[in-house]
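Since we're looking at a predicted model, the values are computed, not measured. A note on names: the letters A, B, ... follow the listed sequences, proteins ahead of strands, and every chain is numbered from 1.
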Protein chains: 2
Amino acid sequence: MKIPLYKKLHSILREHIMTGLYKEGDLLPSENELCVTHNVTRPTVRQALNELVREGYINKHHGKGSIVAIPSKEAGILSLQGTSSAIGKELQTKIITKPYIAKWDDPFIFELSKDERESGCIKMERIRLINDVPVFYETTFLPNMNLSGFCQRNFENKSLFKILSKYYGIEIRGGRQRLRAITAQGTIAKYLQIKKNKPILHLERKMVTSKTNFSFYCSLYCNTNHYTLSGDF
Amino acid sequence: MKIPLYKKLHSILREHIMTGLYKEGDLLPSENELCVTHNVTRPTVRQALNELVREGYINKHHGKGSIVAIPSKEAGILSLQGTSSAIGKELQTKIITKPYIAKWDDPFIFELSKDERESGCIKMERIRLINDVPVFYETTFLPNMNLSGFCQRNFENKSLFKILSKYYGIEIRGGRQRLRAITAQGTIAKYLQIKKNKPILHLERKMVTSKTNFSFYCSLYCNTNHYTLSGDF
DNA sequence: CAAATTAACTTGTAATTACAAGTTGAAAAT
DNA sequence: ATTTTCAACTTGTAATTACAAGTTAATTTG
């Protein structure tokens, strides 16, 4: 396969930033230095750097250089946040049903392209717990396109985003989300271990990725009693 | 003033798209044509077009051309969307309490800077109705900084965003939002004309603007029975 | 010594050239 | 008439050159 030089350089530099070779606040090598070390010309280097700026990995300063930044990831995507207590330590992911190949629901929560409909659907149900208390009940839907070995993977306590990024080179580029407040009933109340008619949040989300025409979807029920859904934009 | 050629071209083309000279779906003149008509070279044209792509005004297709698109504005900000019926026509805004100067709640829903706390608060309560049915109950909090005549303005059926943009040159740049599902009680149930204990959505939002150190806030209760909160990211 | 200058960096803008690669429709072959 | 081929578009990638303009630190000047 033929990968453009600026894309190669871009992923090399991004890798160096992500692995910590270049740390936050560091000055990246100058454009001319990068030209020499990677044997390309300045327009090519600049194309790679512009991508990094766009993604938030660096900030450029006229006359000074490129400074490494931490990209504020998942902007706009709502994610969990503790209301008061510390969060992050005791987050668990429990698999209810492992990924399996199924038909798309009809009608589906979002409009599907012909390609997506024809390729079928990989479905998967998970619960997220904080301090052993269930907070999310999430159903994920992925089109069954070039995801070899996906169903065999172990998702227990692993991030779907990271797995898609690491093993399939798929990054989230954007998407659409819809929110409703509903009351917990039957299965959902059971999974979230709350009483019937308690208010919960229902979030339907479409994720558009870096892989052309590849989107995936999720339907998520959240008990917002102790934690909120929050996000930057 | 010295404005780069690619920026000039960029704003010319953006203007043409916004005024409708190039409509959605139209094919933009080719890069070489733009070179001739604007008397610049292709790298310059491409730089201008790349900006337009980044902003969502056009999509480029290898071998084909640049197709005009409508940028999905207010990305990340959740806004109202009808579930089925047509929306947009029958949206009303009703003022519950006109803007008035008050003290900030303590504690406030977001952390405030010293400047904000000292300047005091402009408070305002509104209800949004669709087809005469209340959907939002919204309290807005603005720091009382350089907003001369704000309390005297008429907000009935007017967009706060547009007023801030038009009369004060303030544009929304980003922000943070938090979501919870709760049950309607007392005042809120009354304003939204729903029964007690019905599930509603509570959204707390901080808006960061183009004016340095100027942010404003809102607390919003939404009946998501017939309409959802939705947004792109 | 302190201030001003300058030289040596940095990124920003821009023209020029060349070829690769996807798209489309007209011309040629079947 | 239908298919195939191809020429004429389009955008994508990349090297080269040149100068403008912001930043920094060493050097010169007062």
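Summarising the geometry, the separation between CG on B:L27 and C1' on C:dT24 is reported as 12 Å, rounded to the nearest angstrom.
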Show each protein N/O and nucleotides 10-14 of chain C N/O combination with a separation under 3.5 Å, one pair to a line.
unit_1 : atom_1 : unit_2 : atom_2 : d
C:dT10 : OP1    : A:S30  : OG     : 3.0
C:dT11 : OP1    : A:E31  : N      : 3.4
C:dT11 : OP2    : A:E31  : N      : 3.0
C:dT11 : O4'    : A:G63  : N      : 3.3
C:dT11 : O2     : A:H62  : NE2    : 3.0
C:dG12 : OP2    : A:R46  : NH1    : 2.8
C:dG12 : OP2    : A:R46  : NH2    : 3.2
C:dG12 : OP2    : A:K60  : NZ     : 2.9
C:dG12 : N7     : A:R42  : NH2    : 3.2
C:dG12 : O6     : A:R42  : NH2    : 2.6
C:dT13 : OP1    : B:Y6   : OH     : 3.0
C:dT13 : OP2    : B:Y6   : OH     : 3.1
C:dA14 : OP1    : B:L5   : N      : 2.5
C:dA14 : OP2    : B:L5   : N      : 3.2
C:dA14 : OP2    : B:Y6   : N      : 3.2

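Residues meeting the side chain to side chain donor-acceptor pair (under 3.5 Å) test with A:E51, sequence neighbours left out: A:R54.
Taking the six-membered ring for Trp, A:Y227 and A:F136 have ring centres at least 6.0 Å apart.
Judged by distance alone, with hydrogens and angles left aside, the side-chain atoms of A:T19 form a donor-acceptor pair with the main-chain N or O of A:E15 at under 3.5 Å.
Applying side chain to side chain contact (heavy atoms under 4.5 Å, CB included) to B:L9 and the options B:V45, B:L49, B:L52 leaves one that passes, B:V45.
The salt bridge (charged side-chain N to carboxylate O under 4.0 Å, His left out) analysis of residues 32-48 of chain B, with sequence neighbours excluded, yields the pairs B:E31-B:R42, B:E31-B:R46.
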